[in-house]
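As structure tokens, the structure follows; a few thoughts come after it.
Numbers restart at 1 for each chain; the letters A, B, ... are given by sequence-line order, proteins then strands.
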2 protein chains.
Amino acid sequence: MALDERARHLLKSLIEQHIANGIPVGSRQLAKGAGLKISPATVRNVMADLEDEGYLISPHTSAGRIPTHVGYRFFVDALLRVVPLSPQSHHLLVQRIGHHIPDTEQVLHAATEVLSELTHMAGFVRVPRRANRTLRHVDFLALREKEVLAIFVTDKGDVENRLIRTEHALSAAELHQAANFFNESYGGRPLQEVIQQLQRDLQQSRHEMDRILRSAMELGEEMLEEDQQRMLIEGEFQLLDLPELAGSERLRELLNAVRQKRDLVHLLDGSMRGSEVRLFIGEESGFAPLSDCSVVSAPYEVDGEVLGVLGVIGPMRMPYQQIIPLVDGTAHLLGRALSQS
Amino acid sequence: MALDERARHLLKSLIEQHIANGIPVGSRQLAKGAGLKISPATVRNVMADLEDEGYLISPHTSAGRIPTHVGYRFFVDALLRVVPLSPQSHHLLVQRIGHHIPDTEQVLHAATEVLSELTHMAGFVRVPRRANRTLRHVDFLALREKEVLAIFVTDKGDVENRLIRTEHALSAAELHQAANFFNESYGGRPLQEVIQQLQRDLQQSRHEMDRILRSAMELGEEMLEEDQQRMLIEGEFQLLDLPELAGSERLRELLNAVRQKRDLVHLLDGSMRGSEVRLFIGEESGFAPLSDCSVVSAPYEVDGEVLGVLGVIGPMRMPYQQIIPLVDGTAHLLGRALSQS
DNA sequence: ATTAGCACTCGAGATGGTTGAGTGCTAAAG
DNA sequence: CTTTAGCACTCAACCATCTCGAGTGCTAAT
């Protein structure tokens with residue numbers, strides 16, 4: 001059953017009031033705040049309807065009402081007018097993640113931080129996937145007897161390294177040669193492809209030098225696997241201040257979940273399609289520790305290709321109309337910043 | 001004024017009881033628990049003395065007594081018999097940070113984790129200082145027009161990299177030549193020395209290639225500076241469960257302080273001298289957010305040289321007799337593991 | 001020096017009353 | 001048929017009060 005104009009207006013007003021001060025909204029207050037010439041009794045009737053529809057709930061018999069996640073969902077989908085990003089915020093964003101920082105890792109960090117700072121919630125950035133990076137350079141260094149340091153560099157300047165133990169000591173010349181061979185054979189090709197090729201090439205060989213290549217391949221695999229998990233998070237502790245989560249039991253779970261990242265990453269990777277801001281309100285995420293929280297995320301892209309997702313985690317009761325453009329803007333600026341690095 | 005035998009015994013018993021169950025200990029219970037043939041009244045007299053001396057304090061008039069940080073200090077210094085590390089724990093430690101992991105970073109992580117797991121508190125490892133590492137290898141790669149990736153490798157296999165923007169495009173050959181020059185001139189020398197030398201060498205020059213070297217030098221400086229701060233921490237959230245810190249206000253501060261690391265690192269670096277386990281009990285650390293906590297730390301060393309510190313952060317009321325050998329043992333095993341990598 | 005006895009203190013928890021915000025329902029008014 | 005006023009009712013929050021039990025400090029007897 002669709003809501004009529006008045007009900008929508010009241011719902012909107014109620015949610016806005018609740019977002020503003022966090023306490024349940026009663027009929028009298030809502031009647032006043034909504035600006036309609038309507039008595040509290042009428043408002044009560046409407047509220048009862050809204051509760052029947054699942055948009056509102058009463059924490060207890062005489063405590064006014066608060067929105068459910070369904071209510072918030074309707075609010076953001078149908079009632080919310082997103083305000084444009086404030087010039088100050090925009091300025092701050094540009095300043096912090098603007099184009100002058102060359103290092104990818106640093107830009108990502110800056111974005112995470114600024115998200116957390118501006119929202120006073122937890123900010124996150126899912127790091128760019130490296131799967132389709134190409135291999136720029138490989139180096140093998142003899143660190144010590146029977147220890148070789150392998151270094152991988154991608155075209156975007158990601159560097160990853162790993163210590164490999166060998167059976168026999170290998171001379172610098174041999175290693176140099178191996179590296180040359182590696183660079184010539186596999187350089188300039190996508191990482192994923194390199195690994196697959198290596199897997200084929202090394203199928204049966206058992207030479208000592210091939211053991212190095214095999215280890216190198218494993219390093220490459222680790223790089224890919226590792227970034228299944230990689231996500232920057234900042235300001236988790238801001239969540240400690242949220243009165244709605246103060247019951248320490250849930251909070252622990254939430255913080256641990258955020259820390260583990262695994263499920264979170266999974267959730268977010270699901271929202272990489274499309275290039276719009278996306279919201280998970282309360283239980284919508286289907287992820288229990290987040291059921292009291294909302295996640296606002298937006299993918300960021302470079303040259304039309306989505307590289308990752310960023311956003312914030314906060315209470316369901318958050319100022320969506322400001323958070324949404326902020327996350328959106330950050331995603332755009334990050335994409336822009338990365339396109340230059 | 002020195003404590004007589006009985007007073008010491010009672011103090012020990014009281015602290016042990018309090019550590020075991022966390023509630024203030026009253027005279028009756030203490031008289032029973034201490035195993036002495038002594039009445040609660042007598043115990044009360046002794047307790048009053050101990051309170052006068054500053055070892056105990058009453059949370060309120062009728063609530064038994066709990067140890068002060070002075071009491072704990074006396075306890076660990078004079079009364080505590082450290083039990084040897086349990087075989088199970090030892091086994092677990094060996095398993096987790098034993099010698100089979102080649103990668104330094106991974107070993108350090110494993111140590112941090114296992115500390116946190118076994119103690120149910122926050123575990124930390126201060127990473128080895130790189131100042132006296134020697135420079136093993138430098139590479140300059142042209143990633144793109146006017147962008148050079150500099151890679152530093154130390155003799156221990158630390159790898160650090162940085163993107164450098166240049167004014168003009170530089171050919172692969174030029175960069176190769178620069179790297180060769182760099183490696184020949186500065187390779188094999190301690191990082192610190194390299195930087196100082198570079199500072200002198202680059203004093204007045206303004207060549208484009210020297211700009212690269214200068215940036216490389218800054219990278220080296222960053223490496224040194226960065227590890228002023230580097231510290232691994234795991235399990236901070238376990239601190240959320242401590243009832244004694246449950247007052248969220250302090251807890252926030254504590255978690256933030258742990259996160260910031262700066263002061264913590266400072267505190268710990270002060271305890272790098274000596275090779276013994278060291279305790280900071282409550283306010284002893286002189287660091288306000290830690291004033292309800294104790295820090296148990298031990299330096300770890302390789303070939304007689306102290307590389308860093310590790311330990312745990314927990315409530316003052318922790319089972320020192322087990323924690324101390326655990327931290328100690330972890331430090332030894334970590335040292336051993338690192339000596340082989 | 002130790003102990004028993006006793007009055008006293010204080011927090012924790014239960015009890016109960018009051019207040020005020022808010023509700024649902026009903027009946028009257030528009 | 002919608003809106004509104006009125007009213008009885010509910011319930012959390014607050015407060016005061018009470019009891020309880022654990023624990024103390026002091027004193028006098030052992």
Side-chain angles (χ1 to χ4, degrees), chain A residues 1-11 13-15 17-18 20-68 71 243-244 246-247, chain B residues 1-11 13-15 17-18 20-68 71 243-244 246-247:
Chain A
M1 158 180 146
L3 301 178
D4 66 7
E5 188 50 44
R6 193 179 61 183
R8 295 158 63 107
H9 181 80
L10 285 174
L11 179 58
S13 183
L14 184 149
I15 295 184
Q17 282 190 44
H18 180 66
N21 57 27
I23 56 181
V25 184
S27 56
R28 176 205 304 272
Q29 180 145 45
L30 182 55
K32 216 179 298 172
L36 299 178
K37 292 254 165 278
I38 248 179
S39 82
T42 312
V43 171
R44 280 204 285 283
N45 290 330
V46 179
M47 285 166 96
D49 291 345
L50 288 170
E51 184 161 2
D52 288 343
E53 304 289 325
Y55 297 114
L56 300 179
I57 195 169
S58 240
H60 60 83
T61 317
S62 73
R65 286 171 170 100
I66 59 176
T68 63
E244 38 256 275
Chain B
M1 158 182 151
L3 302 178
D4 66 8
E5 188 49 43
R6 193 179 60 181
R8 292 158 65 109
H9 181 80
L10 285 174
L11 178 57
S13 183
L14 185 149
I15 295 185
Q17 281 192 45
H18 182 251
N21 57 28
I23 56 180
V25 184
S27 56
R28 177 204 303 270
Q29 178 143 46
L30 183 54
K32 215 177 302 173
L36 299 178
K37 292 252 166 277
I38 244 177
S39 82
T42 311
V43 171
R44 282 204 284 282
N45 288 332
V46 178
M47 284 166 96
D49 291 346
L50 288 170
E51 182 161 3
D52 288 345
E53 303 289 326
Y55 296 114
L56 301 179
I57 194 168
S58 240
H60 60 83
T61 317
S62 72
R65 287 173 170 96
I66 58 176
T68 62
E244 37 255 278

Starting from [atom2] on [N], measure out to [atom1] on [X] and report it in whole angstrom.
{"X": "A/Lys37", "N": "C/dG30", "atom1": "NZ", "atom2": "P", "answer": "18 Å"}
{"X": "B/Arg6", "N": "C/dA1", "atom1": "CZ", "atom2": "C1'", "answer": "8 Å"}
{"X": "A/His60", "N": "D/dA12", "atom1": "NE2", "atom2": "P", "answer": "6 Å"}
{"X": "B/Asn45", "N": "D/dT24", "atom1": "CG", "atom2": "P", "answer": "11 Å"}
{"X": "B/Ile38", "N": "D/dT30", "atom1": "CD1", "atom2": "P", "answer": "21 Å"}
{"X": "A/Leu56", "N": "C/dG24", "atom1": "CG", "atom2": "P", "answer": "11 Å"}
{"X": "B/Leu36", "N": "C/dA1", "atom1": "CG", "atom2": "C1'", "answer": "15 Å"}
{"X": "B/Ile66", "N": "D/dT24", "atom1": "CD1", "atom2": "C1'", "answer": "16 Å"}

Query - Closest-nucleotide 5' rank along DNA chain C - winner of B/Pro59 and B/Ala41 - result: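 Going by which nucleotide is closer to the 5' end, it is B/Ala41.
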Closer than 4.0 Å, any side-chain N/O of [X] to the OP1 or OP2 of [N]?
{"X": "A/Ser27", "N": "C/dT23", "value": "yes"}
{"X": "A/Ser39", "N": "D/dT4", "value": "yes"}
{"X": "B/Thr61", "N": "C/dT9", "value": "no"}
{"X": "B/Thr42", "N": "C/dT3", "value": "yes"}
{"X": "A/Arg44", "N": "C/dT26", "value": "no"}

Report task. Give the minimum heavy-atom separation between B/Val25 and B/Met47, together with the two atoms involved. Result -> O-CE, 3.4 Å
Query raised in the report: Measuring from A/Ile23:CD1 to A/Gln29:CD, what's the distance to the nearest 0.5 Å?
Result: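 Taking CD1 in A/Ile23 and CD in A/Gln29, the distance rounds to 6.0 Å.
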Query - Result of checking B/Leu14, B/Thr68, B/Asp49 against B/Leu56 for side-chain contact (heavy atoms from CB on, under 4.5 Å) - result: B/Leu14
Requested in this report: For A/Arg28, answer base if it contacts any base atom (sugar-phosphate contacts may also be present), sugar-phosphate if it contacts only those atoms, and nothing otherwise; contact means non-hydrogen atoms under 4.0 Å.
Outcome: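 The answer is nothing, as A/Arg28 stays clear of every strand by at least 4.0 Å.
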Query raised in the report: Which nucleotide in the set C/dT3, C/dC10, C/dA21 lies at the smallest distance from any side-chain heavy atom of A/Ser62?
Result: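 Between C/dT3, C/dC10, C/dA21, the one nearest the side chain of A/Ser62 would be C/dA21.
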Requested in this report: Using a cut-off of 6.0 Å, state whether more than 12 heavy atoms not belonging to B/Leu36 lie near its atom CG.
Outcome: yes
Query raised in the report: Where the side chain of B/His9 meets the backbone of B/Ala34, is there a donor-acceptor pair that is under 3.5 Å apart?
Result: yes
